[in-house]
Protein chains: 2
Amino acid sequence: MSRSDAQANRAKILVVAEEVFGAGGEGASTEEVARRAGVGIATVFRHYPTKAALLEAVLTERFTRLAGRAKAEAGAQDPGRAFFDFFAYMVADSASKIAIAEALAEAGGALDGPAAVASRELHDTVGVLLAQAQAAGAVRTDVDLPEVYALLIGASRAAYAGVGPEVRDRSLKIIFDGLATRP
Amino acid sequence: MSRSDAQANRAKILVVAEEVFGAGGEGASTEEVARRAGVGIATVFRHYPTKAALLEAVLTERFTRLAGRAKAEAGAQDPGRAFFDFFAYMVADSASKIAIAEALAEAGGALDGPAAVASRELHDTVGVLLAQAQAAGAVRTDVDLPEVYALLIGASRAAYAGVGPEVRDRSLKIIFDGLATRP
DNA sequence: GTATTTTCGGAGTGACCACTCCGTTTCGAG
DNA sequence: CTCGAAACGGAGTGGTCACTCCGAAAATAC
């Protein structure tokens, strides 16, 4: 059993790290995380032995949360709406999370460990949403998961740039029009 | 008049820097550039006084080249085709050029100096291509330059990720379908 | 061919950052 | 309250990287 103050610190570090890496990308420093969490540097490294481990913990947390949200949508009564809603949600959510978008971009390749598992889970759940939306006639049946996922990644990364919410939404609308079945 | 060997080095450094930053992003080291160019570090810094200056030179060069290509397309007999061709060309071209895509993403905001001028020129020329394509009836008239440019940036950044050419082309096709006028 | 001047190379320098060591503090069981 | 164990903070360490200094080398002028 670990001490309760240690558990609290561990949790706080995770939360702060998500903010810090979200704002500054992978380049943000561990000291910044420690400072903003109100702990010493050593405490961060005690809980997460390397910077990579900390980043992995952040990503795992985030992928898992997104996958959970996607799964919840997967039960919806309107699969078309569910698909497009989740797409828009994830893009908007990534707007302040560079690290996530960066990691997503890498995810095809090099990730390993728990984060890779969580990433795959997210990927697969988006696949389910897509299949359901296609079955319901809301999304063209001649598009496949790889290109849809690529669009999702691209829109997420673009969303981080100086692009405001209005432009982001208009961009999404164009993508959605490209994905939707023709009336 | 500068010595001819110095001019040759200066040019070679620019070319190599484009490769190195293209492959490794802004994080790539100046020493790497020097090594691959076959010159000493001091030589790089003599020609480009800071790393930022070197990066700016690379970006300026690249933006100017892209803008030139866009301008050439602007005279084409089929403006719709010209617009979509240039869009696809730029995305494919960015696939091996992270630094460019990153800089494009920033371009709304913080760039300054010659690179900013070149970036704006590219932006404006894309605007011309868009307007011509719309006038020719190839692109929906209810889309505007900001969202089109956002899509261009997003697609360029996504293209760098592990996404292969086939998936990239299928993603582009979806975007193009969203941009095209309905039959 | 020699003198002069430009350019070169690479060993330094200082700042930054991931990560470690250890004396001190704090928790919680008895 | 007391005491041992668990956890903490922050000064230190090694490595990396942007950038500088200066003696050596090479190019043009004559």
Side-chain angles (χ1 to χ4, degrees), chain A residues 1-60 98-99 102-103 106 110-113 115, chain B residues 1-60 98-99 102-103 106 110-113 115:
Chain A
M1 253 335 211
S2 60
R3 261 164 53 172
S4 63
D5 58 337
Q7 288 177 297
N9 272 341
R10 188 184 176 83
K12 172 140 207 190
I13 289 168
L14 226 214
V15 170
V16 171
E18 181 163 343
E19 290 171 21
V20 171
F21 290 135
E26 311 188 39
S29 78
T30 312
E31 292 182 36
E32 172 81 8
V33 175
R35 203 162 39 74
R36 297 249 303 252
V39 302
I41 312 163
T43 300
V44 175
F45 279 97
R46 192 168 309 109
H47 288 295
Y48 303 94
T50 64
K51 185 185 185 177
L54 176 56
L55 209 78
E56 164 136 345
V58 169
L59 293 178
T60 303
I98 322 180
E102 280 174 354
E106 306 282 318
L111 273 181
D112 61 340
Chain B
M1 255 329 208
S2 60
R3 259 164 51 174
S4 63
D5 57 337
Q7 287 177 299
N9 272 341
R10 189 184 174 81
K12 171 140 207 190
I13 288 168
L14 226 214
V15 170
V16 170
E18 181 163 345
E19 291 172 21
V20 171
F21 290 136
E26 311 187 40
S29 78
T30 313
E31 292 181 38
E32 172 81 7
V33 174
R35 203 162 38 76
R36 298 250 303 254
V39 302
I41 313 164
T43 301
V44 175
F45 280 97
R46 191 168 311 107
H47 288 293
Y48 303 95
T50 64
K51 184 184 185 178
L54 176 56
L55 209 78
E56 164 136 346
V58 169
L59 293 177
T60 303
I98 323 182
E102 280 173 354
E106 307 281 318
L111 273 181
D112 62 339

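From a predicted model like this one, the values you see are computed outputs, not experimental measurements. Only this structure's heavy atoms are used, side chains among them; waters, hydrogens and symmetry mates stay out.
B:Glu32 meets the side-chain contact (heavy atoms from CB on, under 4.5 Å) test with B:Val20, B:Ser29, B:Arg35, B:Arg36; sequence neighbours excluded. Contacts of B:Glu18 classified as side-chain contact (heavy atoms from CB on, under 4.5 Å), with partners at least two apart in sequence or in another chain: B:Val58, B:Glu61, B:Arg62, B:Arg65, B:Lys97.
The distance from atom NZ of B:Lys51 to atom C1' of D:dT16 is 11 Å, rounded to the nearest whole Å. Computed from coordinates, the A:Phe45 CZ to D:dA7 P distance equals 18 Å when rounded to whole Å. For the pair A:Tyr48 OH and D:dA7 C1', the interatomic distance rounds to 15 Å; values are reported in whole Å. Atom CZ in A:Phe21 sits roughly 12 Å away from atom P in C:dC17 (whole-Å rounding). In this structure, the CD atom of A:Glu26 is 16 Å from the P atom of C:dC17, given to the nearest Å. With rounding to whole Å, A:Lys12 atom NZ is found 12 Å from D:dG9 atom P.
Contacts between residues 30-44 of chain A and DNA chain D, defined by a heavy-atom separation under 4.0 Å, are made by A:Gly38, A:Val39, A:Gly40, A:Ala42, A:Thr43.
What you find for A:Lys51 and A:Phe21 is that their closest heavy atoms are CE-CE2, 4.0 Å. Heavy-atom minimum distance, A:Ala57 versus A:Tyr48: CB-CE2, 3.7 Å.
Residue B:His47 has a polar side-chain atom (N or O) positioned under 4.0 Å from OP1 or OP2 of C:dC8. Residue A:Asn9 has a polar side-chain atom (N or O) positioned under 4.0 Å from OP1 or OP2 of D:dC8.
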Show every donor-acceptor pair shorter than 3.5 Å between a side-chain atom in residues 7-16 of chain A and any protein atom, with sequence neighbours excluded, or say none if there are none.
residue, atom, partner, partner atom, Å
A:Arg10, NH1, A:His47, O, 3.1

Donor-acceptor contacts, no H, no angles, side chain residues 39-46 of chain A, under 3.5 Å, sequence neighbours left out:
none

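Among the protein residues, B:Ala28 comes within range of the sugar-phosphate backbone only, with heavy atoms under 4.0 Å from sugar or phosphate atoms but none that close to a base. Across all strands, B:Ala8 comes closer than 4.0 Å to no nucleic acid atom at all (heavy-atom distances).
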Which letter, B, S or -, goes with each nucleotide of nucleotides 23-30 of chain C from 5' to 3', with contact meaning a protein heavy atom under 4.0 Å?
-> ---BSS--
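Listed candidates were D:dG9, D:dT20, D:dC17. Nearest to the side chain of A:Arg46 is D:dG9.
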